[in-house]
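A short worksheet on the structure shown next.
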Amino acid sequence: MAQEYKLILKHADAPGYTPDIECYLRQGGYDALKKALAIQPKDLADGKKLSGPEQIREDVKVSGLRGRGGAGFSCGLKWSFVDRKSGKPIYLICNADESEPGTFKDRQIIHKDPHQLIEGMIISCFANDVKLAYIYIRGEMPEGAKILNQALKEARAKNFLGKNILGTGYDLEMHVHRGAGAYICGEETGLIESLEGKRPYPRIKPPYFPAILGLWMCPTIVNNVETLCNVKHIVTMGGAEFAKLGTPNNTGTRIVSLSGHVKRPGYYEIEVGKATLRELLYDKNFGGGLRDGRQLKAIIPGGSSSKVLKAGEKFKLKKKDAEGKEILVETDMLDLPYDFDSLAQAGTMSGSSAIIVMDDSVDIVKALANLSEFYAHESCGQCTPCREGSLWMNKTLQRLTHGEGRASDADYLGKIADNIPGGRTICAFGEACSWPVQSFLAKFKDEFVAKGAADEDRRAKEVSAPEQKQLEAAHH
Amino acid sequence: MSFQPTSELEAEVSELISHYPVKRAASLMVLHAIQEQFGWISSDAVQWTAKKLELQPINVFEILTFYPMLRQEPQGKYAIKVCRTLSCALGGAYELHQHFCAKLGLDAHKHGPQTTKDGKFTVEFVECLASCGTAPVMMVGEKFYEGVSHQKADEIVGGCQ
Ligand SMILES: Cc1cc2nc3c(=O)[nH]c(=O)nc-3n(C[C@H](O)[C@H](O)[C@H](O)COP(=O)(O)O)c2cc1C
Ligand code: SF4
Ligand code: FES
C-alpha cells in the first residue's frame with residue numbers, strides 16, 4: 001500500500017515542533033548549510049578545479065530535482081542557464097505566491113518550518129554566487145510574512161545570514177516582499193515586475209528570461225518554496241541518494257494538496273510516482289474515499305489550470321515490459337501514478353500538485369464557471385486574446401449558470417478557448433485559462449449543451465414580466 | 001499635504017527602502033505599511049509615497065489601482081474576506097458568503113467589497129486563499145479561519161467588537 005514519505009514535512013506537524021530557530025537547530029538545522037560552506041574544491045581528471053558552489057550545482061543536476069511551482073522544469077538545468085559572465089549581480093527569488101487554486105503546501109512549510117526554507121535558500125544562493133535574495137510571499141499570508149521575518153532575524157543573529165557567514169567570507173542578505181492579492185504575481189516575470197514596484201505585467205520571453213534579464217535586468221533565479229527546501233536535502237543526502245527517492249525522471253517527494261469531495265482532504269507528502277490517483281483519493285491514510293453514497297465525477301489533478309480528468313477515462317501509458325521493451329498499457333485515470341510524466345502522458349499535468357476532487361453532486365458547468373470567474377478576474381490585461389477571451393468565457397459561463405444559456409454556447413466557448421493559447425499571449429496564463437475550458441468541454445460537452453438547450457426551451461415558453469401583467473389585466 | 005505619517009511609519013519606510021538597491025521596489029511594501037496604519041491609501045498618501053521613493057505619483061497610483069488588496073477608500077473596521085474559488089465553493093463558500101451578507105444587511109449578488117452602513121464590517125469574496133483542504137475558509141483582517149460553519153461565522157461576527 002502507498003505510504004506517506006515525509007522529507008520536507010518531516011518535522012512540520014511533529015508534536016512540540018515550533019517555528020523558532022532553537023527548535024530547528026535541535027533537529028540538525030543548518031547542518032546542511034555548514035556542510036555546503038565547507039565543501040572543498042575538487043580536482044577533475046582534466047586538471048580543472050570544481051569549486052564548492054559548482055559541486056552543489058552539479059549535485060542538484062544529479063538529483064533530478066524538478067521545479068515544484070508548476071512547470072516541473074529541471075532545477076539544475078535552470079541554474080545552469082544563469083548568465084555568470086555578465087558581471088552583474090545574480091539574484092534569487094523564492095516564489096511563495098502560492099496562488100494556484102487548490103494549492104496549500106507552501107503555506108505549511110512557511111508557517112511551521114520556515115527555517116527549512118531559509119536554509120535551502122541560503123545554500124541555493126551560495127551555490128549560485130547570490131548576495132541578495134527575496135522571498136515573494138502572497139499578500140493574503142500576513143502571518144506567514146511575520147513568521148518569515150522573525151526567522152530571518154534569528155538566522156541573522158546566528159550569522160547564517162549577513163556579512164561573512166560563519167567566517168567563510170560569504171555575504172548574503174535576504175528580505176521578505178509581500179504581494180497584494182494578484183494571482184499573476186505567481187508567474188515569474190510578473191513577480192519580478194511586482195518586486196520592482198511596478199504593475200505585475202509579465203515580460204515576454206525572449207528576451208526576458210529571468211536567468212539572463214531578470215530582476216533589474218540582472219540574472220535571476222526564481223524557484224518555488226518546496227523546490228528550494230529540497231536543495232537542503234540534496235546537500236544532506238547527496239544528489240545520487242536523493243535521486244533514489246521517487247521514480248526515474250520524477251525524483252524526490254512532492255507535497256500533494258488534496259481538496260474537494262474526499263473524506264480526508266489535506267496535504268500528503270509522497271515519493272513522486274509512488275502513489276496512484278486511486279490511492280491518493282481512496283486509501284485510508286490519504287483521502288479516505290468519497291463521501292458516502294457518492295460516485296467520482298472528475299478530478300482536476302494539478303491545480304485549477306490543469307486539464308480535468310473524467311472518471312472512467314482510459315489512457316495509453318508507456319511502460320517497460322519484462323525485457324525492457326517499451327509497450328503501451330491501457331490505464332484507467334485512477335491508476336495513473338501521481339508524477340510529472342504520467343500525467344503529461346494523460347494530456348494533463350501535475351502542475352502545483354494540487355488535486356481537486358469532484359463527486360457526482362457537482363454541476364460541472366457551474367464548476368467551470370467558478371474557475372472562469374477566477375481567470376477573468378486575474379488576467380493582467382496586457383494581451384487582447386487573454387484579457388477579452390477570459391472575460392467572454394466567463395460571461396458565457398455565467399449566463400449558462402444563470403438560466404440565460406444557449407445550446408450553441410458550448411461551441412462558442414470552445415472557439416474562444418481555442419483562440420487564446422499557442423503563442424498568442426505573453427505568458428502562460430493564456431494557456432492556463434483555456435485549458436480548463438477546453439478539457440471540460442472535451443469531456444463533458446453534453447452537459448453544457450443540455451443546459452443551454454434547456455434554458456432556450458424554457459425561455460421560448462416564457463412570457464416576459466410586463467407582458468404577463470398586461471395579460472392578467474386583460475383577463476380581468 | 002494633509003497626510004500625517006507617524007514617526008514609526010517614517011522609520012518603517014526607511015527600513016523598507018534599505019531592503020532594495022532601487023527605491024521604487026519598496027513601493028508595494030510602503031503602501032502595505034500605510035494601509036496597515038490608516039486602513040486605506042489616500043491620494044495624499046500616494047503623493048507622500050512618491051516623494052519618498054523619488055517617483056511620479058502616477059507610478060504609485062498605478063499599483064494602488066492594480067492590486068486588489070490595496071484600498072483607495074476607507075473600509076470597515078473588520079474586513080471579512082470569504083474565499084470564493086472552486087474547492088471552497090464545493091465546501092459551501094457561496095452559502096457562507098450569503099450568510100454573512102444576510103446577517104449584516106448586504107447584497108450577496110453585488111460584486112466587490114461592501115461595507116455596512118455603520119462602517120464596522122466590509123465583506124468581500126476573494127480568490128483562493130491557499131487553504132483549500134479546510135474549506136470553506138475566510139479571513140478577518142489578518143486572522144485566518146478554516147472550516148467555517150454558519151455557527152462559527154456567527155461566533156466570529158459576535159467576537160468583533
Ligand atoms: C499564471 C501563473 C501563475 C503561477 N503561480 C505560481 C505560484 O503561485 N507559485 C509558484 O511557485 N509558481 C507559480 N508559477 C510558476 C512560476 O512562473 C515559475 O515557473 C516557478 O516559480 C518556478 O519555480 P520552480 O522551477 O521551482 O517550480 C505560475 C506560473 C503561471 C504562468
Ligand atoms: S497572457 Fe494574460 S496574464 Fe499573461 S501577460 Fe497576457 S494578459 Fe497578462
Ligand atoms: S479554494 Fe478556497 S482556499 Fe483555495
Side-chain angles (χ1 to χ4, degrees), chain A residues 89 97-107 132 134 138-143 145-146 173 175-183 185 194-201 215-216 257-261 264-267 300 304 354 356-359 361-362 366-367 370-371 373-374 377-378 380, chain B residues 15-16 18-33 35-36 49 53 55 59-60 62-71 81 83-91 93-94 109 111-112 124-135 137 139 141-144 146-147:
Chain A
D97 197 55
E98 188 150 76
S99 42
E100 176 76 8
T103 321
F104 49 97
K105 64 190 182 69
D106 298 339
R107 171 191 283 279
L132 182 58
Y134 295 95
R138 62 179 300 181
E140 300 91 330
M141 288 189 187
E143 204 187 322
K146 281 190 186 133
E173 230 351 299
H175 300 289
V176 173
H177 187 99
R178 293 181 61 203
Y183 168 66
C185 293
S194 176
L195 217 161
E196 288 185 1
K198 300 169 187 163
R199 284 189 166 198
Y201 289 146
L215 190 56
W216 300 300
S257 310
L258 186 60
S259 69
H261 290 148
R264 286 168 29 102
Y267 46 92
I300 298 174
S304 63
I356 306 172
V357 181
M358 293 181 276
D359 70 22
S361 70
V362 170
K366 237 173 145 176
N370 182 288
L371 292 180
E373 191 169 338
F374 170 81
H377 185 250
E378 301 298 340
C380 86
Chain B
E15 165 70 24
L16 288 171
S18 78
H19 291 179
Y20 308 91
V22 178
K23 283 187 176 171
R24 183 175 188 171
S27 42
L28 199 47
M29 292 298 279
V30 170
L31 293 181
H32 268 306
Q35 185 159 298
E36 238 152 69
T49 306
L53 303 178
L55 296 170
N59 301 138
V60 179
E62 69 179 357
I63 53 178
L64 173 57
T65 52
F66 188 92
Y67 292 94
M69 277 179 73
L70 302 178
R71 303 283 186 222
K81 293 180 177 174
C83 174
R84 183 205 71 81
T85 321
L86 187 56
S87 304
C88 282
L90 296 176
Y94 276 76
H109 297 291
H111 278 275
E124 186 185 5
F125 243 165
V126 296
E127 301 299 344
C128 178
L129 288 171
S131 187
C132 330
T134 51
V137 303
M139 295 177 82
E142 300 208 331
K143 268 188 94 170
F144 194 74
E146 303 167 276

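The basis for the numbers below is simple: all heavy atoms, side chains too, and nothing from hydrogens, waters or symmetry mates. Every chain is numbered from 1, with letters handed out A, B, ... down the list of sequences.
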Might you point out which heavy atoms bring M141(A) and A130(B) nearest each other, and give the distance in Å?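 Closest approach of M141(A) to A130(B): CE-CB, 3.8 Å.
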
Closest non-hydrogen atom pair between A182(A) and Y67(B), with its separation: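 For A182(A) versus Y67(B), the nearest heavy atoms are CB-CD2, 4.1 Å.
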
Counting heavy-atom pairs under 4.5 Å with chain A, which one of [options] comes out on top?
| options | result |
| --- | --- |
| G91(B), C132(B), A89(B) | C132(B) |
| K143(B), E142(B), R84(B) | R84(B) |
| L70(B), V30(B), V22(B) | V22(B) |
| K23(B), K81(B), E62(B) | E62(B) |

Please state whether the side chain, the backbone, both or neither of [X] comes within less than 4.5 Å of a heavy atom of chain B.
| X | answer |
| --- | --- |
| L215(A) | neither |
| K198(A) | both |
| L195(A) | both |

CZ on R24(B) to CD on E196(A), rounded to 0.5 Å: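 Result: 8.5 Å between the selected atoms.
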
Beyond-backbone contact of [X] with [Y], side-chain heavy atoms, under 4.5 angstrom:
| X | Y | result |
| --- | --- | --- |
| R199(A) | T65(B) | yes |
| I356(A) | L90(B) | yes |
| P142(A) | F144(B) | no |
| L132(A) | P21(B) | yes |
| E173(A) | H19(B) | no |

Begin with the C-alpha distance, continue with both residues' side-chain angles, and end with the deciding distance and a verdict on side chain to side chain contact (heavy atoms under 4.5 Å, CB included) for F104(A) and C128(B). CA-CA 10 Å; F104(A) 49 97; C128(B) 178; over 6 Å; no

Step by step, work out the side chain to side chain contact (heavy atoms under 4.5 Å, CB included) result for T85(B) and E373(A). CA-CA 9 Å; T85(B) 321; E373(A) 191 169 338; over 6 Å; no

Evaluation steps, side chain to side chain contact (heavy atoms under 4.5 Å, CB included), between E127(B) and E378(A): CA-CA 9 Å; E127(B) 301 299 344; E378(A) 301 298 340; 3.5 Å; yes

Tell me, side chain or backbone of [X] under 4.5 Å from chain A's heavy atoms, or both, or neither?
| X | result |
| --- | --- |
| L86(B) | both |
| T134(B) | neither |
| H32(B) | side chain |

S99(A): what forms a side-chain contact (heavy atoms from CB on, under 4.5 Å) with it, not counting sequence neighbours?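 In terms of side-chain contact (heavy atoms from CB on, under 4.5 Å), with neighbours along the sequence ignored, S99(A) is linked to D97(A), R138(A), Y183(A).
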
Kindly determine whether E36(B) and R178(A) satisfy salt bridge (Lys or Arg N to Asp or Glu O under 4.0 Å), including the steps that lead there. CA-CA 13 Å; E36(B) 238 152 69; R178(A) 293 181 61 203; 3.3 Å; yes

Indicate the ring-plane relationship of Y134(A) and Y20(B), choosing parallel, tilted or perpendicular according to the 30° and 60° boundaries.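 Because their plane-to-plane angle is under 30°, the rings of Y134(A) and Y20(B) count as parallel.
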
Top of [options] for chain B proximity - count of heavy-atom pairs under 4.5 angstrom:
| options | answer |
| --- | --- |
| P89(A), P200(A), C380(A) | P200(A) |
| E143(A), K366(A), H177(A), E100(A) | H177(A) |
| S304(A), S194(A), S257(A), G260(A) | S194(A) |
| C185(A), G102(A), A367(A) | G102(A) |

